[in-house]
Novice: 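The structure's right below; bear with me while I get my questions together.
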Amino acid sequence: MATERYNPRASEPKWQKAWDDEKLFETQNDDPRPKYYVLEMFPYPSGRIHMGHVRNYAMGDVVARWRRAMGYNVLHPMGWDAFGLPAENAARDNKVNPRDWTYANIETMKGQLKTMGLSLDWAREIATCDPSYYRHEQKMFLDFWRAGLVERKSAKVNWDPEDMTVLANEQVIDGRGWRSGALVEQRDLTQWFFKITSMSQELLDSLDTLDKWPEKVRIMQSNWIGRSEGMLVRWKLAKESAPEGETELEVYTTRPDTIFGASFMAVAADHPLARKAAETNPALAKFIDEVHRMGTSAATLETAEKKGFDTGIRVVHPFDESWTLPVYVANFVLMDYGTGAIFGCPSGDQRDLDFANKYGLPVVPVVMPEGADAKTFQIIDEAYVDDGVMINSRFLDGMTPKQAFDEVAMRLSGVTVGNRPQAERKVQFRLRDWLISRQRYWGCPIPVVHCDDCGSVPTPDKDLPVLLPTEVSFDKPGNPLDHHPTWKHVDCPNCGKPARRDTDTMDTFVDSSWYFARFTDPWNEQSPTTPKYADGPQGWLPVNQYIGGIEHAILHLLYSRFFARAMQVTGHLNEVKEPFEGMFTQGMVVHETYKGPKGWVQPAEVKVEETDGKRRATLLATGEEIEIGSIEKMSKSKKNVVDPDDIIASYGADTARWFMLSDSPPERDVIWTEAGVEGAHRFVQRVWRLISETSAELSGIAPQAASDGEAGALSKAAHKALKAVGEDIGRLGFNKAVARIYELVNAMQAPFAAVAAGKASPELRSAAREAVDILIVMIAPMMPHLAEESWAALGGEGFVANRRWPDFDPALVVDSEITYPVQVNGKKRGDLTIARDADQGAVEKAALALDFVQKALEGKSPRKVIVVPQRIVNVVV
RNA sequence: GCGGACGUGGCGGAACUGGUAGACGCAAGGGACUUAAAAUCCCUCGGGCUUGCCCGUCCGGGUUCGAUCCCCGGCGUCCGCACCA
């Protein structure tokens, strides 16, 4: 019988329309089935979707469709992270309005996503640039403020000179802006901050509860929060050297045990004591200026030489009134960590040692390795930082550093300096507050009015949302809202006098820190009252499975964790603290690069062939041979991008999805190859052939599993696959599920040939019908269009998308006979096939009777026989 | 420097809790069908030789009846953080 090839171009739009018409994927909040919320990180509407999106959404869709088949009420929404600088750049360069540009991109990308056949609830679509979205964000900002979670303060902030805006610490990568790549400068500015540090300990502790998160992400967050336990120690200034009015220097240390190894103090250039001393010391003032000039960017800090300047001030050692130490200003001490001042112990810290050696300061070893000789142990140019025994430390000698720490803490907390203890234990975090002000137009306006008399005044709830002006100019560099002729001029909501709006907008990471909650109830419009999102057992939150790139391991995931807590404080959430129960970080899509004489060349313009075991690339246009470069993330600069539209147009969405899920484990990078896509497409056609060639024979047949013979073998293969694929998808092991489906189709080949030829027994036809039903349900999460088309070809009723995932038959996934590998001295020498329920003794007896075992025994009895039931037999001779 | 992950055929990768290493796919080679091509189907595919045996999961040791998996010591690759006191 001649069969037609499967035509995705006809089939896919047809099924997409049918699903849409039926509103199949629109989710009801009051559906009684158990809830399951699966979410992929929503895209920025940059213009077109790329292969990374295809991979991300293909995975999410498998989870969503599978959970649906498992009987859950699945929430699987999509939206747009729609504020951001690229819209302003486009506006500036192409004279378009950022809003128009953004919405046009959304239209395009939505169309592209629709061609993928994703089971998304588009009725819940949101765009963060829509006032119906950001009005709630403004409300939350004000609620957070009232709850003490927002602060306006002057601070040293990261200034991106190219994007002309400030950045949060998390957005500075290797000293450069995360988006622009420009070297970041430090500036003193008054800005808005979310007080994420007020939750440092909680955000750290709660990481332990996230057992469905990648370990890697939890470690990264833990390091970012950066908790350390140490002590604040207050050193008295030696009276004759102290500047007017200064009496003490407070330092933070994690190593108070090394206090007898101290040989100098160092303070940051911005430390009050340094400033004070500089007032009467022009050379010191000059040094501080130098530090300021060079020390602005993290990149220059890295290569900068360690430098110090002796202030002439001396401090008194807390345990010895007669012992004074010099105070330096040093360029490597950070003002915003600890107290901006340290004591240097050269023998126990490499940086302190380098500094001491440079300035001729004493180096006294205070910790030595266990068993070393205290009389001869020396530190020359390598500090000793490991555990050991205290030496040269008076009453601490012989203790471990840990004991010495406690001893110092105990003794110093009993002494007072002024009216405070000389030292106290202190937990310090590396995490800084989240700076959210951005000097940009295309973002959520900060709903605050600044009044000369009343200060910063919240916009009253009744005046929300504070809308962005629609007419805006990008002719001048800098903040467009600030340049706007009228927008910022308003009356103070408090006193009614002329005042001005805050002209900054919020960091776009604020927009993405709560969108997962918004999806659960996008119709919630009760402003200005507090919108509340259902969570806990009755509601959707937390998200059960979140999927996205590892690049958000810190930024977005940490901010969202903060937000969920803050929303709970202000009543926007009831009880949920962690927004994402399960997190999965998927790998990138990478591709070979091609380099011609005129630079990088797109894959579409290249032909790659293998001859004599060597791969060569030639230009399609000219036949000229070009260089095959390294495999890298798809990027415009290397031109190694493949457009999803092209792939869907020529192979169909199912092929693209199937390929994305095959081969590579989802957390690792996947290499996009033409051959791989063709392989995936061959499988699509193969499944279709299998079904279309047998559909006439199988259409009216009732599915029935068999247990014996050829039909039984088929049923067993189908049920084993059903069990394995379900387990694999549940663990997000898509590549393994794909392999199982290949195995099943391979096993179906021969019996289905018999069915197609009309030579199958009634039992085999029934078993075949069952097997093909199972196959269709199993491929449906991954290749939904092909599944529907196949189901229709078999005369099935309704949508596959509505079918339940069948239960496997436990009797069919175990074999009545087991083939044991039989080892002699741990090496496999043959097999033993025996009844599954044979007891250990029977297995041993049968194994010993095998001729290769007899031969190995040479008439003697074995030293030992190991029988692991259902596994292996090992005869030790 | 600190923290983490990984290392298996020509390639992507399987291998459960220590139990047959290489499932599945890709590439390659051979054959069938065809006037021819495409498509499809069949066979081979870690290495070696004496064809039923030896070697083989980065390298060297160890534990074990048995190690890709556990332990010790190296080598290599990748990722994150980094003057954090």
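Excluded from the calculations below are hydrogen atoms, water molecules and symmetry mates; all remaining heavy atoms, backbone and side chain alike, are included. Throughout, protein chains are lettered first and strands after them, A, B, ... in sequence-line order, and every chain is numbered starting at 1. Not measured: the values here are computed from a predicted model.
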Novice: K864(A) has an atom NZ; how far is it from atom C1' of C65(B), in whole Å?
Specialist: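 Going from K864(A) (NZ) to C65(B) (C1'), I get 5 Å.
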
Novice: Give none if C70(B) has no partner; otherwise give the nucleotide forming a Watson-Crick or G-U wobble pair with it, both distances under 3.5 Å.
Specialist: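 With both distances under 3.5 Å, C70(B) matches G62(B).
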
Novice: Does any donor atom in the side chain of E170(A) or W178(A) lie under 3.5 Å from an acceptor atom in the other side chain?
Specialist: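 No.
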
Novice: Applying a 4.0 Å non-hydrogen cut-off, can you work out what T254(A) is touching in the nucleic acid: base, sugar-phosphate, or nothing?
Specialist: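 Contact class for T254(A): sugar-phosphate only.
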
Novice: Checking all strands, does G679(A) fall into the base, sugar-phosphate, or nothing category for heavy-atom contacts under 4.0 angstrom?
Specialist: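 Sugar-phosphate contact only - G679(A) comes under 4.0 Å of backbone atoms but never of a base.
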
Novice: What does C33(B) pair with, Watson-Crick or G-U, if both distances are under 3.5 Å?
Specialist: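 Pair assignment: C33(B) / none.
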
Novice: Counting heavy atoms from C-beta on, name the nucleotide in G80(B), A82(B), G25(B) closest to the side chain of Y742(A).
Specialist: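 Minimum distance to the Y742(A) side chain belongs to G25(B).
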
Novice: With both distances kept under 3.5 Å, what pairs with U57(B), Watson-Crick or G-U wobble?
Specialist: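 Pairing partner: none.
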
Novice: If you check every side-chain atom of D663(A), which of G12(B), G13(B), C24(B) has the closest atom?
Specialist: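 Nucleotide nearest to D663(A)'s side chain: G12(B).
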
Novice: Once the angle between the rings of F355(A) and Y359(A) is folded into 0 to 90°, is it parallel (under 30°), tilted (30 to 60°) or perpendicular (over 60°)?
Specialist: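 Geometry flag for Y359(A) against F355(A): tilted rings.
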
Novice: In this structure, how many angstroms lie between the C1' atom of C26(B) and the CD atom of E592(A), rounded?
Specialist: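 Rounded to whole Å, this separation is 13 Å.
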
Novice: Find the partner of A21(B): check Watson-Crick (N1-N3 plus N6-O4 or O6-N4) and G-U wobble (N1-O2, O6-N3) distances, both under 3.5 Å, and reply none if neither fits.
Specialist: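 Pair assignment: A21(B) / none.
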
Novice: For A28(B), which nucleotide is its Watson-Crick or G-U wobble mate, given both distances must be under 3.5 Å?
Specialist: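 Pair assignment: A28(B) / U44(B).
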
Novice: Atom CE of M335(A) and atom P of C83(B): how far apart are they, to the nearest Å?
Specialist: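 Interatomic distance, CE of M335(A) to P of C83(B): 17 Å.
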
Novice: Between G22(B) and C58(B), how far apart are the two P atoms, rounded to whole Å?
Specialist: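 About 16 Å, rounded to a whole number of Å.
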
Novice: Mind calculating the distance between NZ (K720(A)) and P (C16(B)) to the nearest angstrom?
Specialist: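 Going from K720(A) (NZ) to C16(B) (P), I get 17 Å.
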
Novice: For L249(A) and A85(B), what is the distance between atoms CG and P respectively, to the nearest whole Å?
Specialist: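 For the pair L249(A) CG and A85(B) P, the rounded distance is 17 Å.
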
Novice: How close or far is atom P of A67(B) from atom CD1 of I872(A), stated in whole angstroms?
Specialist: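 Value for this atom pair: 11 Å.
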
Novice: Which nucleotide, C83(B), U40(B), A82(B), lies nearest any side-chain atom of R430(A)?
Specialist: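 That would be A82(B).
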
Novice: When you match R682(A) and N735(A) each to their closest nucleotide on RNA chain B, which lands nearer the 5' end?
Specialist: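 Here N735(A) is the residue nearer the 5' end.
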
Novice: Will you find, in the side chains of Y384(A) and E382(A), an N or O donor that is under 3.5 Å from an N or O acceptor?
Specialist: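 No pair is found: no donor N or O on one side chain lies under 3.5 Å from an acceptor on the other.
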
Novice: Reckon D336(A) touches a base, only the sugar-phosphate, or nothing at all at heavy-atom distances under 4.0 Å?
Specialist: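 Touches nothing.
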
Novice: C24(B) and G74(B): how far apart are their C1' atoms, nearest whole angstrom?
Specialist: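 So the two C1' atoms sit 35 Å from each other.
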
Novice: Roughly, in whole Å, what's the span from CG in D831(A) to P in U20(B)?
Specialist: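 The distance from CG of D831(A) to P of U20(B) comes to 12 Å, rounded to the nearest Å.
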
Novice: Please pick, from C24(B), C65(B), C84(B), the nucleotide with the shortest atom-to-atom distance to any side-chain atom of V876(A).
Specialist: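 My answer, after comparing the listed nucleotides, is C65(B).
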
Novice: May I ask you to check whether over 12 heavy atoms, not counting those of K358(A), lie within 6.0 Å of atom NZ?
Specialist: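 Result for NZ/K358(A): enclosed.
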
Novice: Using Watson-Crick or G-U wobble geometry with both distances below 3.5 Å, tell me the partner of G76(B), or none.
Specialist: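 G76(B) is paired, partner C6(B).
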
Novice: On RNA chain B, does the nearest nucleotide to N746(A) precede the nearest nucleotide to R668(A) from the 5' side, or the other way round? Give the residue.
Specialist: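 Its nucleotide being nearer the 5' end, the pick is R668(A).
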
Novice: Using atom P in both nucleotides, what's the gap between G48(B) and C11(B) to the nearest angstrom?
Specialist: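 The same atom, P, in both gives a distance of 16 Å.
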
Novice: I need the NZ-P distance between K426(A) and A85(B), as an integer number of Å.
Specialist: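 Spelled out: NZ on K426(A) to P on A85(B) is 14 Å.
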
Novice: Which is it for K736(A) and E727(A) under the salt bridge (charged side-chain N to carboxylate O under 4.0 Å, His left out) test, yes or no, and what are the steps along the way?
Specialist: CA-CA 10 Å; K736(A) 295 183 214 171; E727(A) 287 167 358; over 6 Å; no

Novice: Between A14(B), A85(B), G25(B), which nucleotide gets closest to the side-chain atoms of R351(A)?
Specialist: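 Nearest to the side chain of R351(A) among the choices is A85(B).
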
Novice: Do we see a donor-acceptor contact under 3.5 Å between the side chains of S228(A) and Y252(A)?
Specialist: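 Result is yes, a qualifying pair exists.
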
Novice: Please report whether the ring centroid of H317(A) lies less than 6.0 Å from that of W235(A).
Specialist: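 They qualify: ring centres under 6.0 Å apart.
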
Novice: Which nucleotide wins on minimum distance to the side chain of N223(A), given the candidates C79(B), C65(B), G3(B)?
Specialist: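 The answer is G3(B).
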
Novice: Going by purine N1 to pyrimidine N3 plus the second Watson-Crick contact, or the G-U wobble pair, all under 3.5 Å, which nucleotide sits opposite C81(B)?
Specialist: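 Checking every strand shown, C81(B) finds its partner in G1(B), with both distances under 3.5 Å.
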
Novice: When you get a sec, tell me which of C24(B), C41(B), G80(B) is the closest nucleotide to the side chain of R686(A)?
Specialist: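 For R686(A), the side-chain atoms sit closest to C41(B).
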
Novice: Below 3.5 Å, does any donor atom in the side chain of K736(A) face an acceptor in the base of C24(B), or the other way round?
Specialist: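 Looking at the base of C24(B), it does not pair with any donor or acceptor on the side chain of K736(A) (distance under 3.5 Å).
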
Novice: Go ahead and name the base partner of G52(B); Watson-Crick or wobble counts if both distances stay under 3.5 Å, otherwise write none.
Specialist: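 Base partner found: C49(B).
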
Novice: Syn versus anti for G9(B), judged by chi lying within 90° of 0?
Specialist: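 Base orientation relative to the sugar is syn.
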
